[in-house]
Student: 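Just passing along the structure, written as structure tokens.
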Amino acid sequence: MVGTTATMKSVTITLYPFLLVILAICSSFCDANSNVLCIESEKNALLKFKNDLVDPSNRLSSWVEGGDCCKWLGVVCHNLTGHINQLHLAAPLSVPHFDAPVAEWEAYHPSKNNSLLGGKINPSLLELKHLSSLDLSNNNFSSIQIPKFFGLLESLTYLNLSQARFQGAIPHNLGNLSKLQYLDLGGNDLKPKSLQWVSGLSSLQYLDLSYADLRKATDWLQVTFEHPSLLELHLSACSLEVDPSPISVNSTKSLVVLDLSENNFSSVPMSIFGLHDLVSIDLSGNSLEGPIPDYFTNISFLEVLDLSGNSLNSSTPNSLFSLSHLQFLNLSSNEIDQDISQILLSLSRCCLDCLESLDMAHNHLFGRLIDQLGHFKNLAHLSLSGNNISGPIPLSIGELSSLKLFDVSENQLNGTFPLCFGQLKSLETLDLGCNQLEGVVSETHFSNLTRLTTLAASQNRLRFEPNSSWIPPFQCRIIKLGQWHLGPKFPRWLKFQKNLSVLDISDAGISDILPTWLLNLSTQFEYVNLSCNQLTGGISFLNVTEIVDLSSNRFTGPLPRVFPTLQFLILSNNSFSGPLFELVCNSLRKGPMRILAIETNRLSGEIPDCWDQWRGLGYLNLENNKLTGKIPPSLGHLDLSVLNLRSNGMFAELPSTLQHSTRLIMLDLSDNHFSGSVPAWIGDKLSKLEILSLRSNNFDGHIPQKICQLQSLRILDLGHNNISGAIPKCFSNFSAMTNKSNQHCYMFQWSSISTNFFYLRALLVMKGREDEYGATLGLVTSMCLSTNRLIGEIPKELGSLVELRSLNLSGNLLVGNIPDEIGNMKLMESLDLSRNQLNGEIPPSFSKLNFLNHFNVSYNNLIGQIPTSTQLQSFENLSYVGNHLCGPPLTKNCTSKGISTDVAKKGSNSEGSKVNWLYVSIVLGFVMGFWGVLAPLFFIRSWRHAYYRKLDHAGRQLYVFCSTMGI
Ligand SMILES: *[C@@H]1O[C@H](CO)[C@@H](O)[C@H](O)[C@H]1NC(C)=O
Ligand SMILES: *[C@@H]1O[C@H](CO)[C@@H](O)[C@H](O)[C@H]1NC(C)=O
Ligand SMILES: *[C@@H]1O[C@H](CO)[C@@H](O)[C@H](O)[C@H]1NC(C)=O
Ligand SMILES: *[C@@H]1O[C@H](CO)[C@@H](O)[C@H](O)[C@H]1NC(C)=O
């Protein structure tokens, strides 16, 4: 969970020392440059070169005529001869680290970075006869190919054109650079047809062609593996698929570092087993399947092996665990189902002293952590998170004196938080989150952990109540102790954390005033989660850059001001009061905000009309406040996926600007006083809608036919309005209600900081009661048109909505027979046709509705015998009263003609107390529905496994679809 992958990668890079050497040379020369003057012809060449470049930020402002070119930015001259021998024009740009916070990624837009050089590259560089080192990396030469004349810069030993947006072919004459030792063309959009030219680079030691499309260059393997001097090769993300020569090539066995990560290999290319001198292999992020091949034992000096992010499985201990030099092993995110104790035993037989890093996170490992774990004296990183490892944490862990990272989160470890952690003096990252540890943690546990920077152990049943004067010996950047028992007083020791940036003390039994010092710490918070405590007080400013969750507390007062880069603001279930104006209209920059959830507070006044700046907002929930007024037009200019204004006091017609919110998936405006007719543009423009609720408003007019264009609609609730006219026949076009296999879950992922998911929630009225659906929302299909003034017959076309699980047409003026086709809706769990003027018999097809657990046809003019089925007879009289029905479950027997001989009298008495008998039916709904109260937490875990890997850079996308969940 805590960036072990990244640590591994950096190891492979350090094997190559060139960059460092060059920087060192540069700094020593730069001093010397003061003594030499540059050569006039070379200076002119540089000026011509500059002339053809596009330099928007004027980085090359020092490059002017008349000056000493040896002092120009990026130019290095020989300290004696004055010849230019190095040009370092890499853009000063640091690509965010893989694990970098979302904000950093968002700030990083190479194309917008105006310090990038672009334009053309003038051949005048050929004048620099002594140029040995050229670095143009990280710039933006998007319009051009790598210039052919580079092949004539024959003194070059170092050429770095990485991440510079060069396109197309690679000039073959680069192969003439016989002195070239280092060539980095990675991260460009190159499409070479052959790599034959690489054979000409007779001094080459380092080659990086990552991100080039090598599908056509089928000679890649022969050329690189047989190269006589090549030591390090990076071909990451080159669309490589198959081993072009499965027979082993005549490798000269010089390669030491091989990176074939992020390609499409489905099996390990056998040729690599001929490279006996390999020290580092990276095959992460491919599609490797099946058991881990045994041949790795042929590469006996292997120190670094990264096979993470594949689909490898292995059910028996593997010879991999006999590599006697293995230092770094990454098998995370595969499907290995082995006993961890067997693995540790096998490893302890060969690499007891050498193993420094073991990452097997996100597999299906089971079994216990054995005491032998303590014997790996050099182990610095151990990550086993996201497996099924059980039992206690062995006490021998205290012997791992080199341990810096210990991550066993998301397992089933139980027992206590062992005191032996106190011996791990090198420990920097401890993640025990999501286990079943219990007991009391004391100050002593931490007394020696002076280097700790990450303390994560949320979701355990641990208790920690240090002495109020305790000063922690560590300075953590990340503290996650959610679900611990830390209260009732606010943990005062946090005051001494000067570097704190991520804090989760949610659901920690804290019942106190939020101390003002917390948000005034000198630290810059990225993520603060204080949800589900009983914190009180007001908050004036939230000094947090990315995510704030203060939900389910007792905060009062006006809404806090927020940091301009904040992305997730969750203040639900508090008592914040007053208007929205300050938050919405008066902050400087709203672009980054993506989720704004302030439901169930006491906000009042109107929703202000200044949403134009909130371009990034995808989720807006203001449900259950006291907001009034109209929906402001500017709200329609957002790219919202979810808009929930339920249960407020808002009124007037819906603004037509809302039709621009074409990404809406959920629109819930129920329980307000909105009026006018249901706009036809909802069907025309909001084509992604899956959940539409306009329940309990004053909408009138007819249901527009255009609504039927909502192909993805799963939940439609127009109940309790004044809607008239007929039910459109075209409702049968709701394909999400007719076709199977489009169940999904609605989740939002926060960011890399938090592995939490945020479920879309909706209150739905079904089965005669109101329930909140979260994790299971994606399974619900429901249509409610009840309590309107709909006339005409029930269209038989509704019967084609065979995926519908709930249909409520009660309380309308519907006439005619109940169509037989309704009996085809076999998944129906809740069907309410009560309080209409339906006549005829209950269709015999209803006996096929085997999942029904809520059923009501009372107060119609139905006649005849109730069809027999296990379900229909299980409902009480109340489901049938107010008709002329007969037969079980009613006590009324049918006459020979099957017609009831009297009218249920009791019914008319209960007319005034509808609500009561609706509640009675809850009691009757003893058959638990498919989407009843399932324990959602149970399957979150399996989703995590499936999606962990697929989340692009730890989930920067807002809206994640899960396909069929298969409970
Ligand atoms: C020039 O650089 C070389 C090494 O690169 C160094 O040994 C030599 O002392 C330098 N000469 C002067 C005059 O600085
Ligand atoms: C490999 O080397 C052997 C002997 O050195 C030679 O006979 C053979 O042709 C070579 N194979 C390839 C594919 O180059
Ligand atoms: C840990 O869980 C196992 C079952 O998985 C159980 O047998 C054992 O008693 C538990 N230990 C503790 C300390 O709760
Ligand atoms: C902390 O280190 C000291 C000195 O090495 C040792 O005596 C003590 O037992 C350690 N504390 C814990 C809790 O292990």
Side-chain angles (χ1 to χ4, degrees), residues 337-345 360-361 363-380 382 384-467 469-476 479 481 483-486 491 493 496-497 935 937-942 945:
D337 48 351
Q338 268 183 258
D339 188 331
I340 184 65
S341 57
Q342 294 301 318
I343 292 174
L344 290 174
L345 273 178
M360 298 194 70
N363 278 287
H364 309 298
L365 303 178
F366 54 89
R368 291 160 166 258
L369 294 176
I370 47 169
D371 258 345
Q372 274 83 349
L373 183 56
H375 301 166
F376 292 92
K377 288 288 177 284
N378 291 315
L379 198 63
L382 178 62
L384 298 171
S385 70
N387 284 292
N388 298 315
I389 301 169
S390 55
I393 296 173
L395 297 185
S396 65
I397 194 107
E399 294 159 32
L400 297 174
S401 53
S402 309
L403 201 62
K404 289 185 180 162
L405 179 143
F406 183 65
D407 183 355
V408 289
S409 57
E410 294 184 73
N411 280 290
Q412 277 131 41
L413 297 168
N414 64 6
T416 56
F417 185 95
L419 199 59
C420 58
F421 275 114
Q423 289 156 251
L424 301 175
K425 292 183 181 151
S426 310
L427 200 63
E428 293 167 7
T429 297
L430 176 62
D431 195 340
L432 304 170
C434 296
N435 280 289
Q436 289 148 26
L437 303 174
E438 53 194 356
V440 177
V441 178
S442 74
E443 295 99 312
T444 329
H445 281 93
F446 299 109
S447 56
N448 289 335
L449 302 186
T450 52
R451 302 208 181 148
L452 201 64
T453 56
T454 296
L455 170 60
S458 292
Q459 300 193 39
N460 285 289
R461 290 188 294 270
L462 293 163
R463 202 178 179 92
F464 182 45
E465 292 161 16
N467 193 314
S469 59
W470 184 59
I471 298 179
F474 50 76
Q475 290 292 341
C476 275
I479 291 183
L481 303 177
Q483 287 85 34
W484 279 42
H485 193 284
L486 301 172
W493 55 271
F496 305 101
Q497 297 301 296
L937 282 174
F938 187 73
F939 43 86
I940 287 173
R941 183 172 276 269
S942 57
H945 278 292

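FYI, the numbering just counts along the sequence from 1. Every value quoted in this text rests on a predicted model; they were computed, and no experiment measured them. Note that ligands are numbered from 1 as they come in the structure, with each ligand's atoms numbered from 1 the same way.
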Student: What is the distance from atom CD1 of Ile343 to atom CD1 of Ile370, rounded to the nearest 0.5 Å?
Tutor: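 The distance works out to 10.0 Å.
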Student: Under a 3.5 Å distance rule, please check whether Glu399 uses its side chain to pair with a backbone N or O of Leu373 as donor and acceptor.
Tutor: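 Side chain of Glu399 to backbone of Leu373, a donor-acceptor pair under 3.5 Å: no, none is there.
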Student: Go through ligand 4 atom by atom and flag the ones less than 4.0 Å from a non-hydrogen atom of Lys425.
Tutor: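 Near Lys425, meaning under 4.0 Å from one of its heavy atoms, ligand 4 has 2 (O), 4 (C), 5 (O).
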Student: Which heavy atom of the protein is the closest neighbour of atom 4 (C) of ligand 3, given with residue, atom name and distance?
Tutor: Asn414 ND2, 4.5 Å
Student: Taking the side chain as everything from C-beta on, heavy atoms only, tell me whether His445 gets closer than 4.5 Å to Pro418.
Tutor: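 With C-beta onward as the side chain, the pair stays apart.
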Student: Non-hydrogen atoms of His445 versus ligand 4: any pair closer than 4.0 Å?
Tutor: no
Student: Is atom 11 (N) of ligand 3 less than 4.0 angstrom from some protein heavy atom?
Tutor: yes
Student: Gln423 heavy atoms, cut-off 4.0 Å: which ligand 4 atoms fall inside?
Tutor: 14 (O)
Student: Determine if the distance from atom 14 (O) of ligand 3 to the closest protein heavy atom is below 4.0 Å.
Tutor: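 Within 4.0 Å: yes, protein heavy atom nearby.
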Student: Is there a protein heavy atom at a distance of less than 4.0 Å from atom 2 (O) of ligand 4?
Tutor: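 Within 4.0 Å: yes, protein heavy atom nearby.
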Student: Students often mix this up, so state it plainly: with edges at 30° and 60°, are the rings of Phe421 and Phe406 parallel, tilted or perpendicular?
Tutor: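 Ring orientation of Phe421 relative to Phe406: tilted.
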Student: Please list the nearest protein heavy atom to atom 6 (C) of ligand 4 with its residue and the distance rounded to 0.1 Å.
Tutor: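 Looking at atom 6 (C) of ligand 4, the protein heavy atom closest to it is Asn448 ND2, 4.1 Å.
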Student: Would the distance check show the side chain of Asn387 and the main-chain N or O of Asn363 forming a donor-acceptor pair, the cut-off being under 3.5 Å?
Tutor: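 Pair found, side chain donor or acceptor close to backbone of Asn363.
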Student: Suppose I only count heavy atoms of Thr444 and a 4.0 Å limit; which atoms of ligand 4 are within that range?
Tutor: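 Within the 4.0 Å cut-off of Thr444, ligand 4 contributes 13 (C).
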Student: Let's go through Leu382 and Phe376 carefully: what are the C-alpha distance in whole Å and the side-chain angles of both, what is the deciding distance for side chain to side chain contact (heavy atoms under 4.5 Å, CB included) to 0.1 Å, and is it a yes or a no?
Tutor: CA-CA 10 Å; Leu382 178 62; Phe376 292 92; over 6 Å; no
Student: Applying ring pair (Phe, Tyr, Trp, His ring centres under 6.0 Å), run through Trp493 and Phe446 and close with a yes or a no.
Tutor: CA-CA 13 Å; Trp493 55 271; Phe446 299 109; 7.4 Å; no
